[in-house]
Structure formats: structure tokens, C-alpha cells
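The structure under discussion appears below in the form of C-alpha cells.
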Amino acid sequence: MKIATYNVNGINGRLPVLLRWLDEAAPDIVCLQELKAPQDRFPQAAIEAAGYGAIWHGQSRWNGVAILARGCDPLETRRGLPGDPTDEQSRYLEAAVDGVLVGGLYLPNGNPRPGPRFDYKLRWFDRLEARMAELIGMDAPVVIAGDYNVMPNELDVHKPERWVDDALFAPEVRAAYARLLDQGWIDALRTLHPDERIYTFWHYFRGAFERDAGLRIDHHLLNPVAAKRLAGAGVDRFARAWEKTSDHAPVWITLD
DNA sequence: ATGTCTACCACAGGTAGA
């Protein structure tokens, strides 16, 4: 079973890229982020024609997450993180697919730091930590995948010294991510490729992709039951090279 | 500091986010 996460940066603008990638990569489950479309502008017909059932949580202009499942409809288990009823942002969806519980998330960017956006990021992280504490011990495999907006370690940043004050690499944020690992979650790609420089995002500016000046910010965290079945993990860099593509590349894992 | 790209709303391009 192949489970992918892909920050599409606008699902309607990227629809040709997304459909091409679905066709070439044939993932079983996909978590999408940054739909940048209101609820009624999700391209359901095109996704369905590609063979995927979908649930989504849209939002005008920003954010927006979806879960796709090949040949079936994801069974939604949660929409939004618990812990703050005033939070209107569409950043978390959870569903059961084929016996696997999948969480798809789009963690707040948090820049500029310090500031209210950064505070929101830390609060959101606290709520995620609480939800993931509830999920880690499940008997079923659990995969929490998405754009975490965190580079966990220096190996995950092309120029770590330039990012120390940024909300994606700040000590508080790396500590929050480390607390998830302390709960027992496994960073799938890093576990299978402990020493490799692997990026999932490259800025549009200044030829970042051509220079491979990237970041690893899209992750799959696996509970122990899922980790036992982990067989492979990788980044579909080829899709980042396409015309009119997202600034992120799709990231995937395979479970036996 | 800069750079590039997106969507919205609405029909131009200003604005905000990443």
C-alpha cells in the first residue's frame, strides 16, 4: 500500500499536474494540502474520473486539506483538531481507508517569528500532540502525513545557519516535532534513509530547485503498528520539475 | 532584502500567504 502526501499549492491551478502524477505514481491514499479553494470548488469530478474517492475541507483563498483513496471513499473520522473551537482554518482531516487510519495535516507556517502567527503554530502543535497521543497506541496502523512546516534536523536544510531564526527551523518548533517522536512516532523517510540529504520543497525563487537548495518539511509519522509494515519511502522529485508545478514534491511511503 | 507563485474577488490588480 502506497500512501503519499502532496502540498499542491492550489488544487485547481495544479489539476493537470496532480492528475498526471496520480496516473504515473498510482498511490493508494493521498493527503493533499493547500487546496486554496472553497469547499464547493474542489474538482471532485476530475478526481473521481481518475479513480479516486475523496473527502476534503476547503477554505477560501488559503489552506485546505483533502484525503483521496483509490477505488473507494475514505471514511472520515475527524475534521479539524480538537482543542480550539474558535480555530476556523482548514488544516486537519482524518479518515479510515482499508484498515489504516490516515491523518492529513497542514501545519501553520508560523512566520514571522516572533509574532501571533508563530504563537498560533505552537498552539496548533500542542493540539496535534494531544491528538497524536490518543492515536499512537491503536491496534491499527496509523499514518499522520502532511506538510509539517518543520525541518527536523540540520540534514533537512540546505543552509541550516540561515534558517535558525525562521519559524520552520526554530528551536521551539524542532522541539515540538521531537516530542512527537518521543511519543513513539516514527519519521518514515528518515528512518529508512538516515544519512541522505532528501528534500521535499524548493522555493520558486532564484532557481532553488535547479541548485537543489531545498527543505524537508513534508513527513509521514507512523505509529508502531504501521512502522512494522514500513517497506519503502521516497520523494517524487520528477513532479517538481514539471511545468506549472507546486513548490513541493509528492512524498510517499509503502506499507507491506 | 530580494526573489516567484498562488488564489480571491471579480474582471484589474491589489492583497496576503508561503
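Just so it is clear: chains get the letters A, B, ... in the order the sequence lines come, proteins before strands, and each one is counted from 1. Hydrogens, waters and symmetry mates are skipped; everything else that's a heavy atom, side chains included, is used.
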Hey, is the side chain of A/Ser246 poking within less than 4.0 Å of OP1 or OP2 on B/dT6, counting only N and O atoms?
no
With DNA chain B as reference, determine whether A/Phe201 or A/Ala37 sits nearer its 5' end, using the nearest nucleotide of each.
A/Ala37
Nearest-Å distance, CH2 (A/Trp202) to C1' (B/dT4)?
16 Å
Rest of the hydrophobic cluster containing A/Leu155 (Ile/Leu/Val/Met/Phe/Trp/Tyr, side-chain heavy atoms under 4.5 Å)?
none
d(CG, A/Leu35; P, B/dA18) in whole Å
14 Å
Between B/dA7 and B/dT2, how far apart are the P atoms? Round to whole Å, please.
25 Å
N/O contacts under 3.5 Å, protein versus nucleotides 1-3 of chain B?
unit_1, atom_1, unit_2, atom_2, d
B/dT2, O2, A/Arg206, NH1, 3.0

A/Arg174 to A/Phe169, cation-pi by 6.0 Å centre distance and 45° axis angle:
yes
Atom CG of A/Asn7 to atom P of B/dT6: distance rounded to whole Å?
13 Å
Between B/dT15, B/dA18, B/dG17, which nucleotide gets closest to the side-chain atoms of A/Arg91?
B/dA18
Quick check for you: among B/dG17, B/dC5, B/dC8, whose closest atom lies nearest to any side-chain atom of A/Arg14?
B/dC5
Residues that A/Lys36 engages under side-chain contact (heavy atoms from CB on, under 4.5 Å), provided they are two or more places apart:
A/Asn9, A/Glu34
Looking at A/Trp202 versus A/Phe209, is the centre-to-centre ring distance below 6.0 Å?
yes
Determine the contact category for A/Ala208: base if any of its heavy atoms lies under 4.0 Å from a base atom, sugar-phosphate if only primed atoms, P, OP1 or OP2 are that close, otherwise nothing.
nothing
Interatomic distance where CD belongs to A/Gln89 and C1' belongs to B/dA7 [whole Å]
15 Å
Near DNA chain B, counting only heavy atoms under 4.0 Å, which residues of residues 102-110 of chain A show up?
A/Tyr106, A/Asn109
Is any side-chain N or O of A/Arg41 closer than 4.0 Å to OP1 or OP2 of B/dC9?
yes
Pairs involving residues 230-255 of chain A, ordered by first then second residue, that meet salt bridge (Lys or Arg N to Asp or Glu O under 4.0 Å) (sequence neighbours left out)
A/Asp212-A/Arg237
Under 3.5 Å, side chain of A/Thr254 to main-chain N/O of A/Lys2, donor-acceptor pair present?
no
Does anything in residues 122-141 of chain A pair up under side chain to side chain donor-acceptor pair (under 3.5 Å), and if so which pairs, sequence neighbours excluded?
A/Asp87-A/Arg127, A/Glu94-A/Arg131, A/Glu129-A/Arg179, A/Arg131-A/Glu134
B/dG17 OP1/OP2 closer than 4.0 Å to side-chain N/O of A/Arg117
yes
Euclidean distance, atom CG of residue A/Asn9 to atom P of B/dC8 [Å, nearest integer]
12 Å
Rounding to a whole Å, what distance do you find between A/Asn12:CG and B/dC9:P?
13 Å
Parallel, tilted or perpendicular for A/Tyr177 and A/Tyr148, by the 30°/60° rule?
perpendicular
Nearest-Å distance for atom pair CG/P, residues A/Leu32 and B/dA7
14 Å
Short side-chain to backbone donor-acceptor contact, A/His220 and A/Ile3, under 3.5 Å:
yes
Nearest whole Å is fine: how far is B/dT6 C1' from A/Lys36 NZ?
4 Å
Okay, side chain of A/Arg78, backbone of A/Tyr92: is any donor-acceptor separation there less than 3.5 Å?
no
